[in-house]
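Report on one structure; see the data block that follows.
All heavy atoms count here, side chains included; hydrogens, waters and symmetry mates do not. Numbers here simply count residues along the sequence, with the first being 1.
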Amino acid sequence: MKIAIIPARGGSKRIPRKNIKLFHGKPMIAYSIEAALNSGCFDKVIVSTDDQEIAEVAKQYGAEVPFIRPDDISDDHATTIDVIHHAVQWYEHQQVEIDYVCCLYATAPFVTAEDLKLGYQKLVSDKKVEFVFSATSFPFPIQRAIKLSTSGAVTMFAPENELVRSQDLEEAYHDAGQFYWGKKSAFLERKSFFSPHSRVVLLPRQRVQDIDTDEDWHFAETLYSLIDKS
């Protein structure tokens, strides 16, 4: 069985009620639910939440909410892996055997069904692969990164690269924060995502945006408008 698990706790601090706040006319979580359902990859699309209102919204958009997440994995210190562990073990206690899991974030309005399908294909095409996640490239060479002292003085993290041409520096990538496909065993064993046993679905930078602050939210709305028009 393949399941999508969408973590969505109710206690968002920086953007209150972020997971169900309206984004271009729909609750934010609806975009992730719809992408998962439209992908056709999953036997179940579930939302793991501690919040009854989020649960009701999730059901309205076609997700299942088979349990209410316990308080001990619903605070600021709970990790995504804790949430995945709980959901997988809950199903196994119901005698439901799971093979593959996709952790899909609730605040990923740019995720597409095609991305999810490609992630699954990459996961199952090579037995050595444990995880596949979304990623994108940095817009500027990380080898030229600078840091500021408490007095504001500038130094480079890697001063040996100061005079190296940009085109001669290795391109770097970062987690896009949308989804993480994985074998059930890899999640339960808490293996690292960022290891040679992982592969990525590369996304264009214009479809990647963290949404943690009001500024992020407004930028994401503007970006979504541009993509929608194009």
### Query
After noting the C-alpha distance and the side-chain angles of Tyr91 and Lys44, does the key distance pass the side-chain contact (heavy atoms from CB on, under 4.5 Å) rule?
CA-CA 11 Å; Tyr91 272 109; Lys44 290 183 178 294; 3.5 Å; yes
#### Entry: side-chain contact (heavy atoms from CB on, under 4.5 Å) evaluation trace for Asp175 with Phe194
CA-CA 9 Å; Asp175 177 7; Phe194 310 124; 3.9 Å; yes
### Stepwise side-chain contact (heavy atoms from CB on, under 4.5 Å) check, Asp216 with Arg14
CA-CA 11 Å; Asp216 293 340; Arg14 288 176 288 185; over 6 Å; no
### Task
Test Val111 against Tyr105 for side-chain contact (heavy atoms from CB on, under 4.5 Å), laying out the working first.
CA-CA 9 Å; Val111 72; Tyr105 282 145; over 6 Å; no
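Within the structure, the ring pair (Phe, Tyr, Trp, His ring centres under 6.0 Å) test picks out the following pairs touching residues 159-178 (sequence neighbours left out): Phe138-His174. For the ring pair (Phe, Tyr, Trp, His ring centres under 6.0 Å) condition, the pairs that include at least one residue of residues 14-41, sequence neighbours left out, are Phe23-Tyr31, Phe23-Trp217, Phe23-Tyr224, His24-Tyr224, Tyr31-Tyr224.
Looking at heavy atoms from C-beta onward, Ile46 lies in side-chain contact with Pro66 at the 4.5 angstrom threshold. Looking at heavy atoms from C-beta onward, Asn19 lies out of side-chain contact with Met28 at the 4.5 angstrom threshold. A heavy-atom distance below 4.5 Å is found between the side chains of Phe187 and Phe193. Using a 4.5 Å heavy-atom cutoff, the side chains of Leu226 and Gln206 are not in contact. Pro7 places a side-chain heavy atom less than 4.5 Å from the side chain of Arg69. Using a 4.5 Å cut-off on side-chain heavy atoms (C-beta onward), Tyr180 and Thr80 make no contact. Between Leu22 and Pro27, the closest side-chain pair of non-hydrogen atoms falls below 4.5 Å.
No side-chain donor-acceptor contact under 3.5 Å links Asp82 to the backbone of His85. Side chain of His197 to main chain of Val129: no donor-acceptor pair is present (N/O by atom type, distance under 3.5 Å, no hydrogens or angles). In terms of modelled atom types and a separation under 3.5 Å, the side chain of Lys122 and the main chain of Phe131 share no donor-acceptor contact. Listed for the Lys183 side chain is a donor-acceptor partner under 3.5 Å among the backbone atoms of Lys127.
Shown are Asp51, Asp214, Asp212; of these, the salt bridge (charged side-chain N to carboxylate O under 4.0 Å, His left out) with Lys18 is made only by Asp212. A side chain to side chain contact (heavy atoms under 4.5 Å, CB included) with Ser39 holds for exactly one of Val45, Asp115, Thr112, Leu116; it is Leu116. Checked options Leu202, Leu104, Leu118, Leu203; the residue passing with Ser134 is Leu203 (criterion: side chain to side chain contact (heavy atoms under 4.5 Å, CB included)).
Side-chain atoms of Asp71 and Ser74 form no donor-acceptor pair, as typed in the model, at a separation below 3.5 Å. A side-chain donor from one of Glu56 and Gln52 sits under 3.5 Å from a side-chain acceptor of the other.
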